[in-house]
Number of protein chains: 2
Amino acid sequence: MPADRAPTRIQRKNRAAILEAALDVFSSHGFRGSTVDQIAKAAGLSKPNLLYYFPSKEAIFNELMAGLLDTWLDPLRALDPEGEPLDEILAYVQRKLQMSRDFPRESRLYANEIVQGAPRLHDVIAADLNVLVEEKAQLLQVWMDAGRINRAHPKHLLFSIWSLTQHYADFDAQVRTLMGDEDPFDAAPQYLETLYRRMLTPIS
Amino acid sequence: MPADRAPTRIQRKNRAAILEAALDVFSSHGFRGSTVDQIAKAAGLSKPNLLYYFPSKEAIFNELMAGLLDTWLDPLRALDPEGEPLDEILAYVQRKLQMSRDFPRESRLYANEIVQGAPRLHDVIAADLNVLVEEKAQLLQVWMDAGRINRAHPKHLLFSIWSLTQHYADFDAQVRTLMGDEDPFDAAPQYLETLYRRMLTPIS
DNA sequence: CGTGAGTTTGACCAGTTGGTCAAATCAAGG
DNA sequence: CCTTGATTTGACCAACTGGTCAAACTCACG
């Protein structure tokens, strides 16, 4: 285990390689389905060498998750109370969709955990996420009360955005099989834009 | 292994108990994360006894999946070309939502597999599901061309319905945490009805 | 109540897995 | 070049896992 000092060049490189490899392996086999050996090999290290940098399989997972969750919620944090409501929401949808395209492994890693009841995530969800969701749901409610977007259950609206955008990452295997040659991400932005525009444009 | 004759009373009872237990265990830990012992205990049997009824862990899983997929696609099959397009689609959405409420474990089992790249499902998806989706996507296209519902990418429309409805089962842990006391299924039907009505009602 | 098929189990096995450890190797500053 | 701390590794361990097997038990039926 590296000492408490500033990390050496090698430490930085190897820890990064391990986390990258772990993302790959964990996101495609889940926590239980992944082995330390798999991760080590993917990172180009031997198993004991990997365990020299991280004390345990779970430590790798936790560090990965902690780093992930922060960036995962950034798009929602960026929802601006001062902006034009419909534009803000549509932009949020596109940002989220973009993340599914650019970081599908992160999305699947998160999905894997939640589907299995979030045994290693309950605390974080109950704390950080809950606060953020309450805040943004209230913002949506204010916009609706002011007649600037159509009425809809604010939390269900947020759920639907997560669901629709992450679907393209989480169910990638299914989506690609059914779309054949067509790239799902060609039509998805247009489809979601239309959906939420029709859904939310105020009917005077 | 029971002989090839008609199953005895005990065989029927135990095989059913095993499949029920397996659904529970597989859906909350995934295939790799589940152990035969867990399933056996949940079914009230010893491990060797369980393996007397099924030749292997994978055999249990396969039988479970085969039985599941059929009923899973029934709601889509029921989409009636002769019906009123908007009503048909809205009814499909509600049927699918109902399944998420009544059979969340089945939904999660399926989700678990797809998220991990569907290693044990590729064939089925490529065959049965693909045919059904092509057929129904074409039906949607006909309805759109006739101006009976708004235009939208037919396959993305189907994906969105799956995504939004299954979300309540697959991400149950997250949804319930964020909804607090409120039952997600109270407002979900209304929310989805509104969403698809606004989205699809033809703008003359 | 006896008997043969159907059912159950304890003991066991080989392969895998997370993790340890002492010894070997390497890298950088003096 | 040599020392010292950082890095790497082969050998190893205990726990777990999927699966086997022969022996024991139970049940329905004549």
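All heavy atoms count here, side chains included; hydrogens, waters and symmetry mates do not. By convention in this document, chain letters (A, B, ...) are assigned in the order of the sequence lines, proteins followed by strands, and residues within each chain are numbered from 1.
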Report the residue (B:Thr8 or B:Pro48) whose heavy-atom-nearest nucleotide on DNA chain C is the more 5′ of the two. B:Thr8
Nearest 0.5 Å please: distance from the CD atom of A:Gln190 over to the CG atom of A:Leu195. 11.5 Å
Just how far is it from atom CG of A:Leu68 to atom CD of A:Glu106, taken to the nearest 0.5 Å? 6.0 Å
Measure CZ/A:Phe61 against P/C:dG19 and give the value in whole Å, please. 14 Å
Which atoms of nucleotides 23-30 of chain D (N or O only) lie under 3.5 Å from a protein N or O atom, and what are those distances?
| unit_1 | atom_1 | unit_2 | atom_2 | d |
| --- | --- | --- | --- | --- |
| D:dA28 | OP1 | B:Arg9 | NH2 | 2.7 |

At less than 3.5 Å, do the side-chain atoms of B:Lys47 and the base atoms of D:dG18 form a donor-acceptor pair? yes
Heavy-atom pair of closest approach, residues B:Met199 and A:Arg198: O-NH1, 2.8 Å
For A:Leu51 and D:dC12, give me the distance from atom CG to atom P, rounded to whole Å. 19 Å
Starting at OH of B:Tyr53 and ending at P of C:dT9, how long is that distance when rounded to a whole Å? 10 Å
Hey, is the side chain of A:Tyr52 poking within less than 4.0 Å of OP1 or OP2 on D:dT7, counting only N and O atoms? yes
Whole angstrom is fine here: how far is it from CG in A:Leu50 over to P in D:dT9? 11 Å
Can you find a side chain N or O atom of A:Asn14 that sits less than 4.0 Å from OP1 or OP2 on D:dT8? yes
Distance below 4.0 Å between B:Gln11 side-chain N/O and C:dG6 OP1 or OP2: no
Taking all non-hydrogen atoms of both residues, which atom of B:His29 and which atom of B:Ser34 are closest, and how far apart? CB-OG, 3.6 Å
Distance check needed: C:dT20 P versus A:Lys57 NZ, whole Å only. 14 Å
What's the NZ-C1' distance between B:Lys13 and C:dT7, to the nearest Å? 11 Å
When the side chains of residues 125-139 of chain B are checked against the rest of the protein, which donor-acceptor pairs come out under 3.5 Å, sequence neighbours left out?
| unit_1 | atom_1 | unit_2 | atom_2 | d |
| --- | --- | --- | --- | --- |
| B:Glu134 | OE2 | B:Lys155 | NZ | 2.9 |
| B:Lys136 | NZ | B:Arg77 | O | 3.4 |
| B:Lys136 | NZ | B:Leu79 | O | 2.9 |

Distance check: side-chain N/O of B:Ser46 vs OP1/OP2 of C:dT9, anything under 4.0 Å? yes
Less than 3.5 Å apart, any donor N or O on the side chain of B:Ser107 or B:Tyr168 sitting next to an acceptor on the other? no
With a 3.5 Å cut-off and sequence neighbours excluded, list the donor-acceptor pairs that the side chains of residues 36-43 of chain A form with protein atoms.
| unit_1 | atom_1 | unit_2 | atom_2 | d |
| --- | --- | --- | --- | --- |
| A:Gln38 | OE1 | A:Thr35 | N | 3.2 |

Which residues in residues 26-45 of chain A have a heavy atom closer than 4.0 Å to any atom of DNA chain D? A:Arg32
Does B:Arg197 have any side-chain hydrogen bond (donor to acceptor under 3.5 Å, both in side chains) partners at least two apart in sequence or in another chain, and if so, which? B:Glu193
Rounded to the nearest Å, what distance is computed from the CG atom of residue B:Asn49 to the P atom of nucleotide C:dA11? 16 Å
Applying side-chain hydrogen bond (donor to acceptor under 3.5 Å, both in side chains), which residue pairs with at least one partner in residues 60-70 of chain B are found, sequence neighbours left out? B:Arg15-B:Glu63
